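The shown structure was predicted, so the numbers you read here are calculated from the model rather than taken from an experiment.
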Amino acid sequence: MADPKGFLNHGREVAQSRPVGERVQDWNEVYVPGSLLPIISKQASRCMDCGIPFCHNGCPLGNLIPEWNDYAYREDWSAAQERLHATNNFPEFTGRLCPAPCEAACVLGINQPAVTIKNVEVSIIDKAWDGGDVKPQAPERLSGKTVAVIGSGPAGLAAAQQLTRAGHTVAVYERADRIGGLLRYGIPEFKMEKRHINRRIEQMRAEGTKFRTGVEIGRDIDAAKLRRRYDAVVIAAGSTTARDLPVPGRELKGVYQAMEYLPLANKVQEGDYVTTPVSAEGKHVVVIGGGDTGADCVGTAHRQGAASVTQLEIMPRPGEDRAPHQPWPTFPMLYKVTSAHEEGGERVYAVNTTHFEGDEDGNVQFLHLVEVEFIDGKLTPKPGTERKIPAQLVTLAMGFTGTDRENGLVDQFALDLDERGNVARDAEFQTNVPGVFVAGDAGRGQSLIVWAIAEGRSAARGVDNFLTGASDLPAPIRPTDRALTV
């Protein structure tokens, strides 16, 4: 194990952030480059090597956290990255983007600040890339079987890499102009620079995975024809139907879904635009939705020079400590201050939008809201609390309701859906159509990046077994598994 007294001798230290005044002037990641390495061995030593490491249960990938903490403590970076890659195809993604349910389940976290698992993870993989330890793993022989993967988010990429390494010929279809799905166009550059995606794509190309961008299955290629062309298909198209806000004034100019707003900012960083067609510069911005996507809109608006940024959340403000009904090792709902919130703006809880008000040209100018409270289990407006706030740019970041039905993919495959509007699947991640599998948010519903990668890996095993009659690929989760919550 790591230092037996590490958790007694060292407190929790996290990655150092660049000053707010500096980082809002650019789109680079918010953390000071290299700031983790001087402290990461001490942080890894805080791992207690528990008899039952509950961090394994908190993480759907089953990451071997105590093992790679031990290697990081000893600064055996090569061995650490091997253990890291044993369960996770893309630790540089999860180490930057995952909300770390593993840390919520850390045994040390019962009565002390948890081990900085995410920071150790990202330090290991960044060190591995810098040291040349991350290499293509091409299959020794080909199976002669072909697989199409629809969608290039974390679930699709994980499934594609696993199946390619198993010897199958895999083509990934992406409707956007670049590979990466929401990793590419939904996650701002300041949370994860896209160079991390690019070098993984190059690794996968070297392993033999093929990529087809700008192709939407259901519109550009009939889904039924795709099924006849390939021996198996994996649907990893995500849960992309955004929840809308049907209130008066929704049609006004300046009211956008978050996934209409965020990709444009990323396209500027890719060099597609000099300036974004939808900018917050000089405007009063209101973000509706208090989750991570809402925070991404907040940080983006700061960098575009917004006059003010206000984030609205319909639920009450969470507490800063675990609530009694959310005991360890479950993932608690806590008041979270992201890097975007550190940069400014106002957060307003327990309010509901009633309508938007515009000017004579049809541009949104104000948002009208009312405070709400729970009465008999229902959110109820509080009389006399109505007010309006300036709003010249509004982004809706209220989550997603299911996979896309408009492009024809679901109907052309004749797929069954579950009661939540997700693509139904069996224990092997196979849909009602033989040879068609589903992974990620398209089958699970909106979830975390670790669940997407775990689903991609598990679905790959189902595909491999379908094609060959047996499989040695790992399957970390079942379709029915759920997070440690209450």
Is the closest basic N to carboxylate O distance between Glu270 and Arg178 below 4.0 Å? yes

Looking at Lys42, I'd like to know if its NZ atom is crowded, meaning that more than 12 non-hydrogen atoms belonging to other residues, nucleotides or ligands lie closer than 6.0 Å. no

Are side-chain N/O atoms of Ser152 and Glu174 paired as donor and acceptor at under 3.5 Å? yes

Verify, without hydrogens or angle tests, whether Asn432 (side chain) and Ala414 (backbone) share a donor-acceptor contact under 3.5 angstrom. yes

Answer yes or no for Arg303 and Phe190: cation-pi contact, defined as NZ/CZ to six-membered ring centre under 6.0 Å and angle to ring axis within 45°. yes

Check: Thr241 main-chain N/O paired with Arg405 side-chain donor or acceptor under 3.5 Å: no

Looking at Glu13, is its backbone amide N or carbonyl O close enough to the side chain of Gln43 to form a donor-acceptor pair, meaning the two atoms are under 3.5 Å apart? yes

So does Arg205 pair up with Glu202, basic N to acidic O under 4.0 Å? yes

Can you pull out every salt bridge (Lys or Arg N to Asp or Glu O under 4.0 Å) where at least one residue sits in residues 453-482? Sequence neighbours excluded, please. Arg425-Glu455, Arg444-Glu455, Arg478-Asp481

Can we say Arg184 and Asp177 salt-bridge, meaning some charged N sits less than 4.0 Å from an Asp/Glu carboxylate O? no

Under 3.5 Å: donor-acceptor pair, side chain of Glu207, backbone of Ala138: no

Is a donor on one side and an acceptor on the other found under 3.5 Å between the side chain of Glu260 and the backbone of Gln257? yes

Among Leu183, Thr94, Leu448, Asp441, find the one that has a side chain to side chain contact (heavy atoms under 4.5 Å, CB included) with Pro154. Leu183

Please check if any side-chain donor atom of Glu216 sits under 3.5 Å from a side-chain acceptor atom of Asn407, or the reverse. yes

Could you work out, with ring pair (Phe, Tyr, Trp, His ring centres under 6.0 Å) as the rule, every residue matching Trp328, not counting sequence neighbours? Phe54

Distance only, no hydrogens: is a donor on one side chain within 3.5 Å (strictly under) of an acceptor on the other, for Thr209 and Thr164? yes

Just by distance, do the side chain of Asn465 and the backbone of Ala470 share a donor-acceptor pair under 3.5 Å? yes

Is Arg23 salt-bridged to Glu342, going by a charged N under 4.0 Å from an acidic O? yes

Sole candidate of Val115, Ile117, Thr87 that passes side chain to side chain contact (heavy atoms under 4.5 Å, CB included) when paired with Ile65: Ile117

Just by modelled atom types, is the Ser45 backbone N or O under 3.5 Å from a matching donor or acceptor in the Asp3 side chain? no

Could you walk me through whether Asp133 and Lys127 pass the salt bridge (Lys or Arg N to Asp or Glu O under 4.0 Å) test, one step at a time? CA-CA 8 Å; Asp133 284 332; Lys127 187 77 172 176; over 6 Å; no

For Lys267, look at atom NZ and say whether over 12 heavy atoms of other residues, nucleotides or ligands are found less than 6.0 Å away. yes

With rounding to the nearest 0.5 angstrom, report the NE2 to CZ distance, His85 to Phe90. 9.0 Å

Checking Ser279 side chain against Thr276 main chain: does a donor-acceptor pair fall under 3.5 Å? no

No-hydrogen, no-angle side-chain donor-acceptor test under 3.5 Å, Gln162 and Asn89: yes

Name the residue from Glu92, Glu121, Glu67 that meets the side chain to side chain contact (heavy atoms under 4.5 Å, CB included) definition with Leu84. Glu121

His341 (side chain) donor-acceptor with Ala295 (main chain) under 3.5 angstrom: no

May I ask you to decide if Gly421's main-chain N or O and Asp418's side chain share a donor-acceptor pair within less than 3.5 Å? yes

May I ask you to check whether over 12 heavy atoms, not counting those of Arg420, lie within 6.0 Å of atom CZ? no

OG1-CG distance between Thr146 and Leu163, expressed to the nearest 0.5 angstrom: 11.0 Å

Counting only heavy atoms not in Phe211 (residues, nucleotides, ligands), do more than 12 fall under 6.0 Å from its CZ? yes

Quick check, are the ring centers of Phe466 and Phe437 under 6.0 angstrom apart? yes

Yes or no on side chain to side chain contact (heavy atoms under 4.5 Å, CB included) for Leu467 and Val147, after CA distance, side-chain angles and deciding distance? CA-CA 9 Å; Leu467 294 175; Val147 183; 3.7 Å; yes

Considering only NZ, NE, NH1 and NH2 on the basic side and carboxylate oxygens on the acidic side, decide whether Asp222 and Arg229 come within less than 4.0 Å. no

Distance-only donor-acceptor check, side chains Gln161 and Gln203, under 3.5 Å: yes

Between Glu29 and Lys191, is there a side-chain N and carboxylate O pair less than 4.0 Å apart? no

Intermediate values then yes/no, side chain to side chain contact (heavy atoms under 4.5 Å, CB included), Trp27 and Glu193: CA-CA 8 Å; Trp27 293 84; Glu193 295 172 8; over 6 Å; no

